[in-house]
Amino acid sequence: MAQERYQYGTSPRKTNPDYNKRTKKVPQKRQLKIVEDLPRQQVKVSKEQRKTQLKMTITVASLFLLLLTISCRNSQIDKKFNQIQEQKKQLAALQKENEQLKVSIENSLNLYNIEKVAKEELGMQKLSGKQTIYVTLPKKDHVESASEKIVIKEEKSWWEEIADKIFNF
């Protein structure tokens, strides 16, 4: 492979490789047979082509339904999550209000405020010496012993009373 001639210019001379490139053979597509007997030049599709088309259609439809189901489920999850977050916000607001009410109740429960409400709203006043009434109780104990008989009188209907009178006579 010695070079026989001098080469002018800056680009080197291309040499032929020692091997041949293999090219991929592209399978030829089958052409549909056209039936000339049909009046409108309709194309006849083979059973194999129909089966492959049906399989592809079913596959695409099932993928679409799967994606639709997943997206619907995700939207339901998002909706429930938003409801939970809203309820948590309401709970926090109610707890804050509850704490504020507890603080206000504790502040209003001192003796001065109670006395003020009693005088102004209920018309009460402090006890004076004239309003005191002394009661004297006897020194005797009024305890009944358990040995006494307790009689409970039941109300009876008129015919039961007549029957008792007849039997007791």
Assigning hydrophobic clusters by single linkage (Ile, Leu, Val, Met, Phe, Trp, Tyr; side-chain heavy-atom cutoff under 4.5 Å), is I166 placed with W159?
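Yes, I166 and W159 fall within the same hydrophobic cluster.
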- List the atom of Q131, the atom of Q125, and the distance in Å for their closest heavy-atom pair.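 Looking at all heavy atoms of both residues, the closest pair is NE2-NE2, 3.9 Å.
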* Asked: Should we say atom CG of L111 is surrounded by more than 12 heavy atoms from elsewhere, each under 6.0 Å from it?
  -> no
query: Is a side-chain donor-acceptor pair under 3.5 Å present for R73 with Q76?
result: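 Result is yes, a qualifying pair exists.
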Between [atom1] of [X] and [atom2] of [Y], what distance do you get to the nearest 0.5 Å?
X	Y	atom1	atom2	answer
D78	N82	CG	CG	6.5 Å
K89	E86	NZ	CD	5.5 Å
Q100	N98	CD	CG	10.0 Å
Q90	L94	CD	CG	7.0 Å

Under-4.0 Å salt bridge between K119 and E115 =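 Judged by the 4.0 Å cut-off on N to carboxylate O distance, K119 and E115 do form a salt bridge.
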Mind checking whether [X] and [Y] have side chains closer than 4.5 Å, heavy atoms only?
X	Y	value
N113	L109	no
K88	I84	yes
K80	Q83	yes

Q95 side chain vs A92 backbone, donor-acceptor pair below 3.5 Å = no
Exercise. Check L68, L67, N74, T69 against S71 for a side-chain contact (heavy atoms from CB on, under 4.5 Å) and give me the one that passes.
Key: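 Per the side-chain contact (heavy atoms from CB on, under 4.5 Å) rule, the option paired with S71 is L68, out of L68, L67, N74, T69.
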